[in-house]
Amino acid sequence: MKAQLIDGKAVAAQIRAEVETAVAALASRGTPGLAVILVGEDPASEVYVRSKGRACEQVGIRSLTRKHPATISEAELLAEIDALNRDPLYHGILVQMPLPGHIDPQKVIEAVSPLKDVDCFHPFNVGRLVIGMSVFEPCTPAGIVELLTRYEIDPAGKHVVVLGRSNIVGKPMANLLVQKKAGANAVVTVAHSRAKDIAALTRQADILVAAIGQAEFVKGNMVKDGAVVIDVGINRVDDPTRERGYRLAGDVAFAEVAEKASFITPVPGGVGPMTIAMLLKNTVKAFELQMG
Ligand code: GUN
C-alpha cells in the first residue's frame, strides 16, 4: 500500500480528551447536556445513538436518549422538541435521521432551536455557514476539515471534488472548504450520481471526498496519483462469512485506491469516529452560547 492511513480513531480520541478537559474547566458554570431523540428501530441508527450517549458520558457531558416507536405522530415529536428547547439541562438537541415516512424531516429540523442545533441542520445555521459566519459547523464535514488540519493537508488552492450532494455531508462539506479562511480556501466541485462523466471529475481531484452512499463506488482508475481520499461511506454489505452476516464497506474500493492515493481514511476508523467527536465539541459550544 502506498497511501498513508489517516487515523480518525486516534484523532477523535485526542479531541474527546480535549473536550473532557474543556468540560472540567467549565464545571463551576454547570454541565453541558445533549438530548438525542431516536424514532423507530433502524439498527444502524440505534448503534449511532448508543455511541453518542456513551461518548457524552465519557467526557462528562449530561446525556439523555429519548426513544420512540416509529408510530409516534409528528405533533408528538414536535411537542417533545419544544419541551427540550425550553429545558435548561440540555444545550444540544439531536434528532437522529432518517425519520419514518409520515414525519416531515424539515419540520423537525426547523423545530429545533438554532441555539441548540448541534447538527447544524437548521436553515438559520446552514445560512450562517454559507456566508462564512457559522455558529455551529456540521459534525461530519467539520470532522473532515479537522482530519486534514491535523495531518497538515492544506486544502488552499487545491481542487476538492465532493462526491454526493446530501444536506448532511456533501453540501455543507463544499460550503466549509470554499470559505476564505485557514483550513479551507479550496476550489470545490460537487459531483453526484447525475454527472455525465463522474470519473472524469473525480480524476481531477487533489482531495476527493466520497459521500455518495454506494459501497466501493470509487475505483482505483477514478483517482489521480497522489490524491488525498476521504471516505465518508458506511455501507452494510452482505457477507455470509461474518457472524453478523454483513461487513462494513466505505464508498471507496480501499485496496486499489490505497495503491494510488497519498493519504486515505479507512472504514471503519476514519471519518466515523470524528463525527461523534465534533458533536461533543458542538455541545460544549452550545453550552457556552447559552450560558453567555
Ligand atoms: N444520520 C446520519 N448522520 C446523522 C447526523 O450526523 N445527525 C443526525 N441527526 N442524523 C444522522
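One-based numbering, in listed order, for ligands and for the atoms of each. Nothing here was measured: the structure is a model prediction, and the numbers come from that model.
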When rounded to the nearest 0.5 angstrom, what is the spacing between CD1 in Ile153 and CZ in Phe263?
4.5 Å
Hydrophobic clustering (ILVMFWY, side-chain heavy atoms < 4.5 Å, transitive) - are Val267 and Tyr151 grouped together?
no
Quick look: Thr140 vs ligand 1, heavy-atom contacts under 4.0 Å, and the answer is neither
May I ask you to check if Arg242 and Tyr246 form a cation-pi contact, with NZ or CZ under 6.0 angstrom from the six-membered ring centre and within 45° of the axis?
no
Could you tell me whether Glu80 and Arg86 have a side-chain N and a carboxylate O separated by less than 4.0 Å?
no
Which is closest to atom 9 (N) of ligand 1 by heavy-atom distance: Leu38, Asp119, Ile37?
Asp119
Value rounded to 0.5 Å, distance of CD1 in Ile212 from CG in Asn235
10.5 Å
Among protein heavy atoms, which lies nearest atom 10 (N) of ligand 1, and at what distance?
Met97 N, 3.0 Å
Using a plain distance cutoff, I'd like to know if Val95 has any nitrogen or oxygen under 3.5 Å from a nitrogen or oxygen of ligand 1.
yes
Under 3.5 Å between any N/O of Gln96 and any N/O of ligand 1: does that happen in this structure?
yes
With heavy atoms and a 4.0 Å threshold, my read on which part of Tyr48 contacts ligand 1 is neither
Only heavy atoms of Leu94, strictly under 4.0 Å: list the atoms of ligand 1 that pass.
9 (N)
Taking distance alone, with no angle check, do Phe121 and ligand 1 share an N/O pair under 3.5 Å?
no
Does any donor atom in the side chain of Thr283 or His91 lie under 3.5 Å from an acceptor atom in the other side chain?
no
